[in-house]
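First up is the structure itself, then whatever we jot down about it.
Remember, predicted model here, so these are calculated numbers, not experimental data. Both ligands and their constituent atoms are indexed starting at 1 by order of listing.
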Amino acid sequence: MPGAVDLHAHTTASDGTLTSRELVQEAGRRGLRVLAITDHDSTGGLADALDEASRLTPLRIVPGLEINCDVAAAPGGRASEVHVLGYCLDWRAEWFQDFLREQRAERVARVHRLADRLAELGMPIDPAEVFALVKEGAAGRPHVAQVMVRRGYVKSVREAFDRYLHAGGPASVARRRLAPADAVRVIRRAAGVPVLAHPGLADRDDLLPDLLAAGLMGIECWYAEHSAQQTAHYLELCRRWNLVPTGGSDFHGPQSGRPITLGSLPLGMDVWERLRARAESARAETAAEPGT
Ligand code: AMP
Ligand code: FE
Ligand code: FE
Ligand code: ZN
């Protein structure tokens, strides 16, 4: 049964394949009532999405974003990456846009470092080809992976990740260090609700105390790649720590090579109502704090 709510989706402002207007139209066709747009380090799709959705009542657009962080390996474990979602934040604030611009500049620099690394591995790529795909969006490994497919080094984006680009992989290059707790703090400073994205993928519950201390307010419990046990586990953590449970498809567009479709998780309006309530407290707490 398709849901009414999807709190995780990407557009061409980052590594999605639909423009934000196309994404909103797709949400309308699927009968969604609430759609959060959560591009990587960019809010570039939001203005168009809000405009497009104003014609599609009752569809509500929730402003959001996703910040990807690298994390050192746990003792005896492997390096991992942790993604933090932010919702209902003051995304237009000048300081926040400056932060995102810096994040995207680091993504551009990282593409050059990735190209150097791939050349060392005998798979040269031209960064200009990557940037032609990115256009004005936030560059990421999926764009690099697409160029690797075009060059014939791998058959699919998934193979590029599985063999070379995954965290700790032969072609993984470090990002400028932004700890997940720092991402949480930035989102709180922007009066938003920070949510730990798809925690089952990284499986790093050891990081949670730190994230809670930084002001984490939610966990993405419902996610296509979570098992039923994982979803139950994260729902239990939400109950224990009074966090808001969220969920989403992480839709990247029909040409992204992922099978998941927009709005495919059975999430009802109660999920959005709980997030909305938490957004109100985040806003009140930020306003009450001196010096922010
Ligand atoms: P980056 O923005 O450079 O950190 O790249 C991370 C993005 O790559 C994620 O948000 C996903 O969209 C995508 N991604 C990660 N793993 C895979 C995979 N195995 N196959 C396809 N895309 C992936
Ligand atoms: Fe992505
Ligand atoms: Fe993610
Ligand atoms: Zn995502």
Side-chain angles (χ1 to χ4, degrees), residues 5-20 23 26-27 35-46 49 62-71 79-87 89 100 103-104 106-107 110-111 114 130 133-135 137-148 156-158 160-162 165-167 172 175 178 180 183-184 187 192-204 207 211 216 218-226 230 234 246-265 267:
V5 175
D6 194 328
L7 298 175
H8 194 157
H10 296 266
T11 76
T12 49
S14 63
D15 53 3
T17 62
L18 298 183
T19 66
S20 60
L23 181 75
E26 180 66 16
L35 168 68
I37 296 185
T38 54
D39 278 306
H40 303 287
D41 293 323
S42 174
T43 57
L46 292 180
V62 178
L65 88 167
E66 184 174 24
I67 302 175
N68 296 1
C69 306
D70 291 329
V71 176
S80 35
E81 49 182 290
V82 169
H83 299 181
V84 180
L85 294 156
Y87 295 108
L89 59 189
L100 294 183
Q103 288 281 102
R104 291 196 296 272
E106 160 57 17
R107 283 175 167 276
R110 180 159 159 262
V111 167
L114 275 164
V130 177
L133 293 173
V134 172
K135 300 200 184 79
R141 282 169 294 166
H143 303 103
V144 171
Q146 280 176 57
V147 172
M148 291 172 72
S156 65
V157 166
R158 177 152 289 270
F161 270 93
D162 290 349
L165 298 171
H166 61 272
S172 82
R175 260 182 262 263
L178 180 81
V184 166
I187 292 162
V193 180
V195 171
L196 180 60
H198 43 64
L201 303 192
D203 194 20
R204 291 291 303 264
L207 303 171
L211 298 180
L216 187 76
I219 298 180
E220 189 176 50
C221 298
W222 296 285
Y223 191 75
E225 290 171 50
H226 281 173
Q230 284 176 319
Y234 295 116
T246 72
S249 64
D250 207 356
F251 183 62
H252 279 72
Q255 270 99 49
S256 64
R258 299 161 172 239
I260 187 87
T261 54
L262 189 66
S264 51
L265 296 181
L267 304 178

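The closest side-chain heavy-atom distance from Leu65 to Leu100 is below 4.5 Å.
The tally of protein N/O/S atoms under 2.8 Å from the Zn ion (ligand 4) stands at 4. Each protein N/O/S atom under 2.8 Å from the Fe ion (ligand 3) was counted, for a total of 3.
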For this session: Assess whether side chain to side chain contact (heavy atoms under 4.5 Å, CB included) is satisfied between Val134 and Arg107, documenting all intermediate values.
Result: CA-CA 11 Å; Val134 172; Arg107 283 175 167 276; over 6 Å; no

Exercise. When you look at Glu220 and His226, which way does the side-chain hydrogen bond (donor to acceptor under 3.5 Å, both in side chains) test go after all the steps?
Worked result: CA-CA 10 Å; Glu220 189 176 50; His226 281 173; over 6 Å; no

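The side chain to side chain donor-acceptor pair (under 3.5 Å) search around Thr43 returns Gln97, not counting sequence neighbours. Under the side-chain contact (heavy atoms from CB on, under 4.5 Å) criterion, Glu106 pairs with Ala109, Arg110, Arg113, Arg175, Arg176, not counting sequence neighbours.
Using bins of under 30°, 30° to 60° and over 60° for the plane-to-plane angle, the ring pair His10/His252 lands in the parallel bin.
No donor-acceptor pair under 3.5 Å is formed between the side chain of Ser172 and the backbone N or O of Leu165. Formation of a donor-acceptor pair under 3.5 Å by the Tyr87 side chain with backbone atoms of Leu7 is found in this model.
No other N/O/S atom of His252 lies as close to the Fe ion (ligand 2) as NE2 does. Taking the Fe ion (ligand 2) as reference, Asp15 places its N/O/S atom OD2 nearest.
Note that CG of Asp41 and CD1 of Ile67 are 6.0 Å apart. Values are rounded to the nearest 0.5 Å.
Of the listed residues (Leu133, Asp15, Val130), just one forms a side chain to side chain contact (heavy atoms under 4.5 Å, CB included) with Gln146, and that residue is Leu133. Results of the side chain to side chain contact (heavy atoms under 4.5 Å, CB included) test with Leu114 over Arg141, His143, Met148 single out Arg141 as the only residue that passes.
The distance from the Fe ion (ligand 2) to the nearest N/O/S atom of His10 is not under 2.8 Å.
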